[in-house]
Amino acid sequence: MPQIKVDQLIGANFAFQHYAFEHVAEILRGFGFKEIELWVIAPHLDLFHATDAQVRSVRDIVARNGFTPEQVIYPINIASGAGAYRRDSVRRFCRAADICAELGAKYLFLTSGRGYEHDPPQDAWARSAQSLAEIAAYTASVGVRCLLEPLHRVETNVVTNASGLCRMLDQIGADTIDVVLDTVGMATAGDTVADYVRLFGPRLAHVQIVDGLPAGHLVWGDGKLPIGQYLDELAASGYRGKMTFEPFGNGSYALDPVAAWNRNLKAIEPHMTWASTAA
């Protein structure tokens, strides 16, 4: 049976938010990672306080694959019904695109934002589509692609599943936006690996491996999702994009993130081959 290639698995600073970034990079290199998905938070790097010197410092520490600003949390929300917040959020993401290009990262990660629960859903959808189109156009102008990820319903009321993601991509019409499959988001929406492969084909470019009940963003084994089956299905489909772990849970993983990552790495070993995608 086909297996995930070793160089498809990359690191991330998820669960390391209480560590200095230099120490995080050292740990991730110790795991054997040469690329990471960089969660853009303080004290590592954030959109509100990042100076040019800090960006250069992060650039010199470790290679990046993806750049993931915090979003859908006040005051960052590209579908906000408050115009000032929406416009400022778009500006923040354009700034993120500049940083992304400076770091040499390939992707800027996006979600659809969130509208008011008391408004017609099409209003938030329209604001999200407009914002995503603006951000994608700017991001392309600085040589960076985007990744768009559905969130589950408690996180957003805009793009919550694979079919909604497909509709949003069709509406925006930007060929520089690829797709994220988050295993928890997929499970809570009732979607499957086959749905993502069928709908997005080569635009499926990044996978976040998380266990859940079905939600929860747990370490593999702390939930009940068939993570191994998902990975086997991805490998069988010919998936050659990147993947990483996203352990958040209730915050306790951040007390010992090395242990959390070691558990994930041990769980994924049977589903991986040491051959590389370049082989």
Side-chain angles (χ1 to χ4, degrees), residues 2-5 7-10 12 35-38 64-69 71-72 78-79 93 96-97 100-101 104-113 125 128-152 155-156 158-210 227 230-246 276-278:
Q3 291 183 300
I4 298 299
K5 309 288 188 181
D7 58 356
Q8 291 180 258
L9 186 64
I10 67 174
E35 298 178 73
I36 70 167
E37 177 186 342
L38 180 61
R64 267 72 43 196
N65 178 267
F67 191 72
T68 307
Q71 48 200 297
V72 201
I78 65 170
F93 273 95
C100 200
K106 181 178 181 180
Y107 283 113
L108 174 64
F109 279 64
L110 304 173
T111 65
S112 59
W125 182 278
S128 176
Q130 179 182 348
S131 297
L132 288 168
E134 293 175 18
I135 295 166
Y138 183 85
T139 302
S141 76
V142 297
V144 174
R145 297 183 65 82
C146 294
L147 282 169
L148 184 56
E149 175 188 354
L151 300 177
H152 60 101
E155 297 171 314
T156 183
V158 184
V159 175
T160 60
N161 54 33
S163 62
L165 177 58
C166 189
R167 183 162 67 95
M168 180 63 80
L169 290 174
D170 287 345
Q171 180 170 335
I172 297 169
D175 61 4
T176 57
I177 303 179
D178 292 326
V179 169
V180 179
L181 184 164
D182 179 291
T183 53
V184 159
M186 180 182 73
T188 57
D191 291 323
T192 66
V193 169
D195 292 329
Y196 274 80
V197 172
R198 172 178 55 83
L199 289 171
F200 306 113
R203 294 184 78 171
L204 176 57
H206 191 80
V207 173
Q208 292 175 331
I209 307 167
V210 274
I227 304 296
Y230 296 158
L231 296 182
D232 292 344
E233 291 171 355
L234 283 164
S237 76
Y239 177 70
R240 291 294 178 262
K242 302 296 184 179
M243 55 180 57
T244 193
F245 300 109
E246 194 184 21
S276 71
T277 53

So which atom in [X] and which in [Y] form the shortest heavy-atom distance, rounded to 0.1 Å?
X	Y	result
P150	T160	CB-C, 4.0 Å
L132	S112	CD1-CA, 4.5 Å
H152	V184	CD2-CG1, 4.4 Å
A12	T244	CB-OG1, 3.6 Å
F93	P69	CE2-CG, 3.9 Å
T156	V159	CG2-O, 3.4 Å

So, taking the atom named [atom1] in [X] and the one named [atom2] in [Y], what distance separates them when rounded to the nearest 0.5 Å?
X	Y	atom1	atom2	result
T68	L38	OG1	CG	7.5 Å
I227	D232	CD1	CG	11.5 Å
I135	I78	CD1	CD1	4.5 Å
L108	L148	CG	CG	10.5 Å
I209	M243	CD1	CE	5.0 Å

Sequence neighbours excluded, which residues qualify as side-chain contact (heavy atoms from CB on, under 4.5 Å) partners of [X]?
X	answer
R240	K5, Q8, T277
A187	P214, L225, Y230
A101	V142, V144
A79	N77, S128, V158

Side chains of T111 and Q71: do they bring a donor and an acceptor to under 3.5 Å?
-> yes
Could you note down all residue pairs passing side-chain hydrogen bond (donor to acceptor under 3.5 Å, both in side chains) where residues 131-144 supplies at least one of them, sequence neighbours left out?
-> R86-S131, D98-Y138, Q130-E134
Could I get the full list of side chain to side chain donor-acceptor pair (under 3.5 Å) partners for E233, not counting sequence neighbours?
-> Q229
State which residues pass side chain to side chain donor-acceptor pair (under 3.5 Å) with K106; sequence neighbours excluded, sorted by chain then number.
-> none
Set of ring-ring contact (aromatic ring centres under 6.0 Å, His included) partners for [X], sequence neighbours left out:
X	answer
Y239	none
Y196	F200
F109	H206

Taking the side chain as every heavy atom from C-beta outward, state whether [X] and [Y] have any atom pair closer than 4.5 Å.
X	Y	answer
L9	I4	no
L169	V179	yes
L199	L165	no
K242	Y107	no

Quick note, salt bridge (Lys or Arg N to Asp or Glu O under 4.0 Å) partners involving residues 139-152, not counting sequence neighbours, are R145-D178
What salt bridge (Lys or Arg N to Asp or Glu O under 4.0 Å) pairs are there with at least one residue in residues 183-204, not counting sequence neighbours?
-> D195-R198
